[in-house]
Protein chains: 2
Amino acid sequence: MLFGERIRELRESQGLLQRQLAANLEIDTPMFSKIERGGRKAKREQVLKIAEILKASEQELLALWLADQIKEIVTDEDQALQALKIAQKDINQANTK
Amino acid sequence: MLFGERIRELRESQGLLQRQLAANLEIDTPMFSKIERGGRKAKREQVLKIAEILKASEQELLALWLADQIKEIVTDEDQALQALKIAQKDINQANTK
DNA sequence: TTATATTAGCCAAATATTGACAAGTCATAA
DNA sequence: TTATGACTTGTCAATATTTGGCTAATATAA
């Protein structure tokens, strides 16, 4: 899990404990542990709060968090890359319109 | 919705009615209508069955169906394209390993 | 009008997600 | 060894979301 790995890196490099982050997010430590390990998906607002606490880029963390969800959808699908390409194209079209 | 649009095209070009497809899928017509219009998400097995009934490419329809789900996740997100890129990279790495 | 095709809205059943708790592992200190 | 602290795992109930079907509305054609 890209998001979990990244926030763990950030947390550890700052010498923070899971329970400190968890308290800030108003969830318990086991829950935060699961988020870091990818067993649970963070909510969007939690991502923002984590970015704030860890003084990290909101954009970076959101992108990783979204990427995890995309991966979840396409894993084990032969058409994974094809689907990504189609989505990309479609979004680009929507943007330029 | 890419998937819905495509199956509607295929269905109409073959002169089939929603209720015929719906019967085959063992759902009612309103439900099939919603799938075509994107109000409801088809199940994976329904996608396969639709491909079979419409004599269409299973791969094509699965790709469109996945793309719709990806779009759903990233719509309204500034990091949409960035997230797609990250997911793409990650999947490629997993494939080549 | 009537008949047929499609769509919209609503409801209950089924399913998934969420957060909390208790108990577990692992490493280190006393 | 025991004790402690950090983290992880498993399970549970509460909540939220999704699913499918029903009924009714709309549209289109004969």
Side-chain angles (χ1 to χ4, degrees), chain A residues 1-54 56 61-62 64-77, chain B residues 1-51 53-54 61-62 64-77:
Chain A
M1 286 291 153
L2 302 169
F3 175 71
E5 286 168 21
R6 183 66 180 122
I7 65 175
R8 167 158 289 188
E9 269 179 21
L10 290 164
R11 179 178 65 82
E12 291 183 340
S13 75
Q14 296 176 40
L16 298 171
L17 299 178
Q18 286 187 345
R19 93 173 119 78
Q20 299 178 286
L21 280 271
N24 248 299
L25 298 170
E26 300 179 271
I27 56 176
D28 68 0
T29 307
M31 180 75 72
F32 185 83
S33 169
K34 282 165 191 162
I35 290 174
E36 265 193 5
R37 323 206 51 248
R40 287 288 173 95
K41 193 184 84 186
K43 293 183 183 174
R44 195 178 190 286
E45 57 174 76
Q46 293 173 327
V47 175
L48 300 182
K49 196 144 200 180
I50 291 170
E52 188 192 331
I53 301 169
L54 295 176
L61 295 191
L62 277 175
L64 294 173
W65 173 76
L66 290 170
D68 280 340
Q69 291 171 77
I70 293 169
K71 282 172 57 187
E72 172 115 22
I73 288 179
V74 300
T75 36
D76 300 333
E77 291 283 356
Chain B
M1 287 291 153
L2 303 169
F3 175 72
E5 286 168 21
R6 183 64 179 124
I7 65 174
R8 168 159 289 189
E9 269 180 21
L10 290 164
R11 178 178 66 82
E12 292 183 339
S13 76
Q14 295 174 42
L16 298 171
L17 300 176
Q18 287 186 345
R19 93 172 122 78
Q20 299 177 286
L21 279 272
N24 248 300
L25 297 172
E26 299 179 272
I27 56 176
D28 67 359
T29 308
M31 179 75 72
F32 186 82
S33 169
K34 282 164 192 161
I35 289 173
E36 265 193 5
R37 321 206 50 246
R40 289 289 172 96
K41 192 185 86 184
K43 293 184 181 174
R44 195 177 190 286
E45 57 172 76
Q46 292 173 327
V47 176
L48 301 182
K49 196 143 197 177
I50 291 170
I53 301 168
L54 295 176
L61 295 190
L62 277 175
L64 294 172
W65 175 74
L66 290 169
D68 280 341
Q69 292 171 77
I70 293 169
K71 283 172 57 188
E72 171 114 22
I73 287 179
V74 300
T75 36
D76 300 334
E77 291 284 355

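Residue numbering restarts at 1 for every chain, and letters A, B, ... go by the order of the sequence lines.
One N or O on the side chain of B:Trp65 and one on the backbone of B:Ala42 form a donor-acceptor pair closer than 3.5 Å.
A straight line from CD1 of B:Ile27 to P of D:dT19 spans 11 Å, rounded to a whole angstrom. If you take CE of B:Met31 and P of C:dC10, they are 16 Å apart, rounded to a whole angstrom. In this structure, A:Ile35 places its CD1 atom 15 Å from C1' of D:dT9, rounding to the nearest Å. Taking atom CG of B:Leu21 as the reference point, atom C1' of C:dT6 lies 13 Å away to the nearest angstrom. At whole-Å resolution of the value, CZ in B:Arg40 and C1' in C:dT6 are 16 Å apart. With rounding to whole Å, B:Glu45 atom CD is found 12 Å from D:dT19 atom P. Distance, B:Glu36 CD to C:dA8 C1': 15 Å, rounded to whole Å. Distance CZ (B:Arg19) to P (C:dA5): 4 Å, rounded to an integer number of Å.
Of the charged side-chain nitrogens involved, none lies within less than 4.0 Å of a carboxylate oxygen, so that A:Glu52 and A:Lys49 do not count as a salt-bridged pair. Look at A:Glu36 and A:Arg11 and you find a salt bridge, because one of the NZ, NE, NH1 or NH2 atoms lies within 4.0 Å of a carboxylate O, short of that distance.
Residues B:Arg11 and A:Glu26 each lie close to DNA chain C; by heavy-atom proximity, the contact nearer the 5' end of the strand is made by B:Arg11. Remark on DNA chain D: of its neighbouring residues B:Asp28 and B:Lys41, the 5'-side contact belongs to B:Lys41, judged by nearest-heavy-atom nucleotide.
For the OP1/OP2 pair of D:dT9 and a distance below 4.0 Å, the side-chain nitrogens and oxygens of A:Arg37 include at least one atom meeting the criterion. Contact between the side-chain N/O atoms of B:Arg8 and the OP1/OP2 oxygens of C:dT7 is found at a separation under 4.0 Å. Between A:Gln18 and D:dG5 there is no side-chain polar atom (N or O) within less than 4.0 angstrom of OP1 or OP2. Remark: B:Ser33 is not in phosphate contact with C:dT6, judged by side-chain N or O atoms under 4.0 Å from OP1 or OP2.
Picking from C:dT7, D:dC7, D:dT9 the nucleotide with the shortest atom distance to the side chain of A:Leu17 gives D:dC7. Comparing D:dA6, D:dG20, C:dA20 by their closest approach to the side chain of B:Gln46 singles out D:dG20. Side-chain proximity of A:Lys43 to D:dC22, C:dA20, C:dT18: nearest is C:dT18.
Side chains of A:Leu54 and A:Leu16 form a contact here, defined as non-hydrogen atoms less than 4.5 Å apart.
For the residue pair A:Gln14 and A:Ile53, the shortest heavy atom distance occurs at OE1-O, 4.4 Å.
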